[in-house]
2 protein chains.
Amino acid sequence: MVTYSEKQLKPIDEFCPMWEVLTQEERFYLRENTKLQHFRKNEVIYCEGETPKFMMCLVTGKVKIYKDGVGGRSQIIRLIKPVDIFGYRAFFAKEPYLTSASTIESSSAYLVPMQVVEQIIQSNNKLALYFIQSLASDLGVDDARIVSLTQKHVRGRLAESLIMLRDNYGVESDGRTINSHLSREDLANYSNMTTSNAIRTLSNFVSEGVIAVSGRNIQILDEEQLRKISKIG
Amino acid sequence: MVTYSEKQLKPIDEFCPMWEVLTQEERFYLRENTKLQHFRKNEVIYCEGETPKFMMCLVTGKVKIYKDGVGGRSQIIRLIKPVDIFGYRAFFAKEPYLTSASTIESSSAYLVPMQVVEQIIQSNNKLALYFIQSLASDLGVDDARIVSLTQKHVRGRLAESLIMLRDNYGVESDGRTINSHLSREDLANYSNMTTSNAIRTLSNFVSEGVIAVSGRNIQILDEEQLRKISKIG
DNA sequence: GTATTTTTGTGCTGTAAAACATTGTTTTAA
DNA sequence: TTAAAACAATGTTTTACAGCACAAAAATAC
């Protein structure tokens with residue numbers, strides 16, 4: 001198997017498809033101003049209240065976007081996977097960061113100064129439309145999430161999270177194990193419940209034969225049933 | 001006092017500031033393709049699942065964007081006031097509507113076909129940037145709302161809603177009465193609680209001298225205290 | 001002006017889920 | 001290689017809130 005470090009990393013404009021609409025000139029400008037940065041596991045990338053300066057494009061690893069609420073309880077808003085971009089919303093809204101971002105495993109990301117992004121948008125309408133679509137999609141996800149997190153019961157919320165994790169991060173070579181190894185706490189913080197309840201409900205799902213669990217590895221055994229729980233619960 | 005119908009209504013490009021960035025040609029094109037439509041109280045403007053065709057710009061009245069969740073419970077996602085635009089997100093995300101929109105009082109809105117909006121965006125970067133900013137702001141509001149609605153207690157959620165209503169719709173001539181007359185049910189659906197709890201908590205606030213209530217009129221008497229309840233609760 | 005529906009107000013009950021406590025297990029670090 | 005910290009598992013207690021049921025008041029229709 002070839003590890004990441006052995007491969008020649010593509011420059012940012014070839015690395016993710018969103019930049020395909022750029023002219024050669026714009027691509028060069030983007031490349032010249034982008035730097036690659038590595039982050040250790042559980043390293044904070046940016047914090048709520050900071051001024052947004054860079055847009056990040058995740059190259060390897062996994063990142064959580066979260067918000068600390070009442071009484072130290074943290075809510076994970078969304079999860080980032082490689083080639084996803086993040087950290088640009090607050091800049092466009094002309095606000096300080098409203099959320100924080102932290103790696104959940106060792107990660108690396110391309111950092112693009114937001115002024116550079118803004119400048120290219122001003123000269124390239126297709127890129128502008130890409131951002132419009134991206135923001136509009138995220139907004140739709142958030143709208144749906146508001147209802148799920150407030151109305152569904154613990155079982156339904158956890159089932160939905162498991163399906164999301166599978167859809168977002170995919171499965172390992174066995175075709176079943178979710179390619180994401182969140183701690184019970186992160187799983188709880190994503191699903192708006194206590195860690196105890198995430199653990200409890202997970203074991204219930206195991207007893208019911210819906211999933212199989214081994215440490216942080218989770219296999220979906222009965223997707224049909226999991227979807228049913230997500231929908232009704 | 002001059003009522004709405006007696007005034008000469010401005011054309012859409014002069015009516016809300018977002019179109020100021022348009023050229024004369026674009027303005028004419030926009031004007032030619034826009035129609036004004038009236039909606040009765042509690043009339044549905046669009047429904048979840050429908051294909052988005054028009055962007056709406058609210059001229060008079062109030063509109064709620066909501067989503068029907070588990071067991072008939074409805075969650076109001078956001079409230080629209082005149083000059084606000086709505087109904088465009090799903091088109092940009094290339095999805096069917098994920099939410100529904102309904103008036104909460106007699107309203108009128110300019111309807112602009114989304115193809116027209118898209119076409120102008122393609123030729124006018126400033127308009128594109130306006131939409132980027134608008135979507136980014138809404139996304140920030142949603143992110144914050146996810147945490148408020150899931151972590152705050154009933155009192156905190158209701159207090160937050162009252163402050164939002166005041167900030168969004170302003171006050172009447174007495175300088176105190178919130179210029180919004182939602183039913184207890186709508187107030188509950190916005191704040192993620194049952195109608196009973198909205199009523200109960202509202203009376204508690206009255207006993208505590210934080211607000212005064214007369215039918216659907218709500219006055220904020222002690223804003224300091226209301227903010228405290230919103231923050232801690 | 002009366003009937004009917006909708007909205008509002010209040011008390012009571014059951015329960016889902018948080019909070020807390022305890023113990024075992026794995027990972028990290030000294 | 002043992003101590004310490006973080007994580008996982010499970011049982012018990014507490015509580016915030018939903019879910020009724022019912023009555024009164026207001027809005028709307030007839």
Side-chain angles (χ1 to χ4, degrees), chain A residues 40-43 64 69-75 102 104-106 147-161 180-208 211-218 229 232-233, chain B residues 40-43 64 69-75 102 104-106 147-159 161 180-207 211-218 229 232-233:
Chain A
R40 275 163 296 124
K41 188 178 175 175
N42 294 323
E43 191 173 344
K64 60 176 171 185
V70 211
R73 279 188 61 196
S74 166
Q75 173 69 49
S102 159
I104 49 184
E105 52 184 60
S106 171
V147 177
S148 287
L149 290 182
T150 56
Q151 297 195 3
K152 285 185 183 176
H153 288 181
V154 165
R155 285 169 60 84
R157 298 203 301 272
L158 189 65
E160 185 176 301
S161 296
S180 143
H181 311 277
L182 293 184
S183 67
R184 304 292 194 267
E185 191 183 357
D186 276 338
L187 201 53
N189 287 345
Y190 184 81
S191 315
N192 181 36
M193 61 186 68
T194 53
T195 308
S196 313
N197 267 326
I199 292 167
R200 218 187 305 269
T201 311
L202 227 39
S203 353
N204 288 342
F205 286 173
V206 172
S207 327
E208 292 163 31
I211 60 169
V213 166
S214 156
R216 293 190 178 182
N217 294 313
I218 300 173
I229 296 171
I232 302 167
Chain B
R40 278 163 295 124
K41 187 179 175 176
N42 293 323
E43 191 174 344
K64 62 176 171 185
V70 211
R73 280 188 60 197
S74 166
Q75 173 69 48
S102 159
I104 50 183
E105 52 184 61
S106 172
V147 176
S148 287
L149 290 180
T150 56
Q151 297 195 1
K152 285 185 182 175
H153 288 180
V154 164
R155 285 169 60 85
R157 299 203 301 270
L158 188 66
S161 295
S180 143
H181 311 278
L182 292 184
S183 66
R184 304 291 193 265
E185 192 183 356
D186 275 340
L187 202 53
N189 287 345
Y190 184 80
S191 314
N192 181 36
M193 60 186 70
T194 54
T195 308
S196 316
N197 267 325
I199 292 167
R200 215 187 309 267
T201 310
L202 227 40
S203 354
N204 288 343
F205 286 172
V206 173
S207 328
I211 60 170
V213 166
S214 157
R216 292 190 178 183
N217 294 313
I218 300 174
I229 296 170
I232 301 166

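Here the structure is a predicted model, which is why all the values come from computation and not from measurement. Chain identifiers are assigned alphabetically (A, B, ...) following the order of the sequence lines, protein sequences preceding nucleic acid strands; residue numbering begins at 1 within each chain.
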State which of [options] makes the closest approach to the side chain of [X].
X	options	answer
B:Arg157	D:dA18, C:dT7, C:dA17	D:dA18
A:Met193	C:dA18, D:dA16, C:dA16	C:dA18
B:Val154	D:dC17, D:dC7, C:dT8	D:dC17

Whole-Å distance separating the [atom1] atom of [X] from the [atom2] atom of [N]:
X	N	atom1	atom2	value
A:Lys152	C:dA16	NZ	P	18 Å
A:Arg184	D:dA8	CZ	P	5 Å
B:His181	D:dA26	NE2	P	17 Å
B:Leu202	C:dT10	CG	P	11 Å
B:Arg73	D:dA18	CZ	P	6 Å
A:Lys41	D:dA6	NZ	P	13 Å
B:Leu182	C:dT7	CG	C1'	14 Å
B:Asn42	D:dA27	CG	C1'	13 Å

**OP:** Identify the two heavy atoms, one from A:Val154 and one from A:Met193, that lie closest to each other, and give their separation to 0.1 Å.
**Re:**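 Heavy atoms only, the tightest pair is O-CE, 3.4 Å.
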**OP:** Determine the minimum heavy-atom distance between B:Leu149 and B:Tyr190, stating which atoms define it.
**Re:**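 Of all heavy-atom pairs spanning B:Leu149 and B:Tyr190, the closest is CD2-O, 4.1 Å.
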Original post:
Just how far is it from atom CZ of B:Arg157 to atom OG1 of A:Thr150, taken to the nearest 0.5 Å?
Top reply: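 The distance works out to 8.5 Å.
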Subject >> Donor-acceptor side-chain pairing of A:Ser148 and A:Glu160 below 3.5 angstrom >> reply: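 Result is yes, a qualifying pair exists.
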Original post:
Is the side chain of A:Ser203 donor-acceptor paired with the backbone N or O of A:Arg200 at a distance under 3.5 Å, no angle test?
Top reply: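 Such a contact is found between A:Ser203 side chain and A:Arg200 backbone.
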Subject >> Cationic N near anionic O, under 4.0 Å, A:Glu208 to A:Arg155 >> reply: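 Answer for the salt bridge query: yes.
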**OP:** Determine: side-chain N/O of B:Thr194 to OP1/OP2 of D:dA18, distance under 4.0 Å, yes or no.
**Re:**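 Yes, such a contact exists.
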**OP:** Could you tell me whether the phosphate oxygens of D:dC17, OP1 or OP2, come under 4.0 Å of any side-chain nitrogen or oxygen in B:Arg155?
**Re:**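 The answer is no; no side-chain N or O of B:Arg155 sits under 4.0 Å from OP1 or OP2.
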Contact list (N/O, under 3.5 angstrom) for nucleotides 10-13 of chain D vs protein:
from: D:dG11; atom 1: N7; to: A:Arg200; atom 2: NH1; distance (Å): 3.2
from: D:dG11; atom 1: O6; to: A:Arg200; atom 2: NH2; distance (Å): 3.4

**OP:** Could I get the full list of side chain to side chain donor-acceptor pair (under 3.5 Å) partners for B:Ser106, not counting sequence neighbours?
**Re:**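 With sequence neighbours excluded, B:Ser106 shows a side chain to side chain donor-acceptor pair (under 3.5 Å) to B:His38, given in chain and number order.
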